[in-house]
Each structure stands twice: as C-alpha cells, then as structure tokens.
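The structure appears below as structure tokens.
No experiment lies behind these values; they were computed from the predicted model shown.
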Amino acid sequence: MSQPGGRSDRDLLLGYVDVWWHAVVDLTHLLESLPAEQWSMPTDLPGWDVHAVAAHTAHLEAVLAGAPEETVEVEPAPHVRGLMGLYTEQGVVARRDRTPDELVSEIRTSAAIRHALLLADPPTDASARPAVIFGGVPWDWRTLLRNRPLDVWMHEQDVRRAVGRPGGLDSAAAKHTADYLAESLPMVVAKRVGAPAGTTVVLRMPGSRPLSVRVNTEGRGVRVPEVPADPTVRISTDRETFVCLAGGRRAPAPGEVGLDGDQELGHRILDAMAVTP
C-alpha cells in the first residue's frame, strides 16, 4: 500500500521504527548517567518517580518483544485510573525491586530484539493489526509504531525535568512528538472547546510548520493549508512548553505561551490541550 506522496506503507513504518530506536538509545543513555539518588526524584506524572518511568518503559518494550504479560496486585491509588492505568501500573509494581542497571538492561535488550525483528520482517500494511501488542489496545501498525517514539521521548523528557537536566529537544523524536501532538488541535478547538463555525486558530512553534485550524459549517475542526493573517486565536510557544501542555504534564509558566486574538477562547483552548492519558 502507498501513502500520500507515493511513499509505501513499508517505508512509512520503517521511518517510525528508526525514530523510536534512536529515542530508546537517547533514553537509556540518559538513565545510565544518573546517580542512584536521582532515581527516586518525582516526575510530572502523578505517583511516578524516575524509577517508575523507567519501569513502565521496560514493561511495554518487554511485552512488545514477546515477553509474557505480568499480573500483579496493584493497590488503589489516585493516579491509577481505568483499565489502562491499572495495566501500566502493573508493569511498574512488578519492577519495583529492580535496580537501575537491571531496568536499563531490560529496555535495551527488549528494544534490540524488537528492532531486529522489525528490520528483518518489516510490516507492509499500516492498517493491519500487529500480532503482539500491549494491554489489548486495538491499534494498527501505523498507530503502534507512530506512538512508540512519542511515548519513549516523552518519558525521556519526564526524566530530564525531574533531575534538572534539559536537552533532547531537537532530536527526530522531539519533532515527531510535537508534530504528532499538534494534530489534535482541530479536535481540541471544535469538539472540546466547542468553538463556533468560522473560528480560525494558528499554532506557531519553532522547529515545526505553522498549523492552521478552521471550524467548518458542520462544527468540525479541520486543518487548512493557508495561514490566515488575522486568525481568531494565534498560539505561539516553544516545543517543550507545547508538549508539556499537550502531554498533560504541567501548566506553562507566565510568558511561556503567547496568545493573540480572542483571549478568552485562547485560554479555553490551552486548558483543553492535554490529549495524552
């Protein structure tokens, strides 16, 4: 099958694999550089410290590499919500006693196994269902392989913010994640915020092309190729601030987001921006 521009599904998916692989390398290099005391630093994710973030990544990569699913008892906690929350917490709890070296090794080993398998026999139909997937999520190959760089890179950034070591904002995974999250803006503007027909919103973020959204006569948000000179709302921010907003990590500090146009609508859009669980 082919994608717009004549690119095949195989090439598209292998591109995602490459971005994910480099994201894994960056995350594991960061983790192995941390002193022992920083593994207990809290992250922006409620209930999770650096150790838990690494354990979660190790869990998903292990399952995707063919490891058996784990079932452990999870005590009720405010941050454990829904079936997927319970599922991901099981991976963290099951690895609570693992050392940092063991977690880094598990991530590397599992990812290396899966990377070799994907390169040896790459999927060729982006809409087909993978034979192995975590938590029973109903994803096709496109969604799974597009999601993994986002998840790994977002967790690298969770760790970096927790330990006060900024970086990794210009990598291929960083751009992939920011652009992927930005695609949710039409839904946020039209469905979550309920902006009226004719509303136009422009997101400007260095390192990515401006994204323009219009609410059509049916009340749906659609991307439009042209960038209006005078949109209803113009949002200007940097990549890190945007992914923290869209990733539901933390609210922006004063001055980190520029809003031009309808201020009330703009703030409602920012308040509804978080799209990851």
Side-chain angles (χ1 to χ4, degrees), residues 4 43-48 78-85 88 137-140 142-144 146-147 149-151 153-155 157-158 161 169 173-277:
T43 71
D44 288 331
L45 300 171
W48 281 11
H79 69 279
V80 181
R81 294 175 296 187
L83 290 177
M84 184 51 70
T88 56
V137 293
W139 289 353
D140 58 20
R142 177 187 292 105
T143 304
L144 173 63
R146 199 179 185 207
N147 179 270
L150 178 150
D151 191 53
W153 182 82
M154 287 291 285
H155 289 318
Q157 293 301 307
D158 291 329
R161 289 191 301 274
L169 291 165
K175 186 179 189 308
H176 170 92
T177 299
D179 290 348
Y180 192 179
L181 290 173
E183 291 180 8
S184 65
L185 188 61
M187 179 275 294
V188 170
V189 172
K191 186 174 181 180
R192 288 191 174 177
V193 176
T199 297
T200 54
V201 178
V202 173
L203 171 66
R204 288 190 174 275
M205 178 171 44
S208 297
R209 293 180 179 178
L211 187 149
S212 301
V213 173
R214 177 181 294 276
V215 180
N216 64 20
T217 56
E218 298 174 348
R220 295 183 59 189
V222 294
R223 293 182 64 169
V224 292
E226 67 275 6
V227 179
D230 189 25
T232 311
V233 175
R234 181 184 292 109
I235 302 169
S236 304
T237 191
D238 61 89
R239 180 173 285 166
E240 182 177 21
T241 300
F242 173 73
V243 297
C244 282
L245 266 171
R249 263 48 177 187
R250 59 172 65 174
E256 288 185 334
V257 178
L259 281 179
D260 296 308
D262 188 327
Q263 297 292 300
E264 189 272 338
L265 177 60
H267 283 289
R268 286 168 55 203
I269 293 171
L270 295 183
D271 290 342
M273 191 77 80
V275 292
T276 61

Heavy-atom pair of closest approach, residues [X] and [Y]:
X	Y	value
P231	P228	CD-O, 3.5 Å
A190	V215	CB-CG2, 4.3 Å
V202	S212	CG2-OG, 3.8 Å
G247	L181	N-CD1, 4.4 Å
V243	M154	O-CE, 3.6 Å
V213	G221	CG1-CA, 4.5 Å

Donor-acceptor pair, distance only, cut-off 3.5 Å: does the side chain of [X] make one with the backbone of [Y]?
X	Y	answer
T43	W48	yes
R239	A178	no
T232	V201	no
R234	D260	no

When rounded to the nearest 0.5 angstrom, what distance separates [atom1] in [X] from [atom2] in [Y]?
X	Y	atom1	atom2	result
R146	L144	CZ	CG	13.0 Å
R209	L203	CZ	CG	14.5 Å
R204	T237	CZ	OG1	13.5 Å
D44	R250	CG	CZ	4.0 Å
L245	I269	CG	CD1	12.0 Å
K175	M205	NZ	CE	8.5 Å

When you compare the side chains of H155 and D151, does any donor N or O come within less than 3.5 Å of an acceptor on the partner?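 D151 and H155 do have a side-chain donor-acceptor pair below 3.5 Å.
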List the steps and the verdict of side-chain contact (heavy atoms from CB on, under 4.5 Å) for R192 and R268. CA-CA 9 Å; R192 288 191 174 177; R268 286 168 55 203; over 6 Å; no
Heavy atoms, side chains only, cut-off 4.5 Å: are [X] and [Y] in contact?
X	Y	value
M273	L185	yes
L270	L259	yes
T177	Q157	no

My understanding is that only one of R249, E256, R161 makes a side-chain contact (heavy atoms from CB on, under 4.5 Å) with E240; could you say which? R161
Sequence neighbours excluded, every pair satisfying ring-ring contact (aromatic ring centres under 6.0 Å, His included) that has a member inside residues 173-228: Y16-H176, H176-Y180
Checking D238 now: which residues fulfil salt bridge (charged side-chain N to carboxylate O under 4.0 Å, His left out) with it, not counting sequence neighbours? none
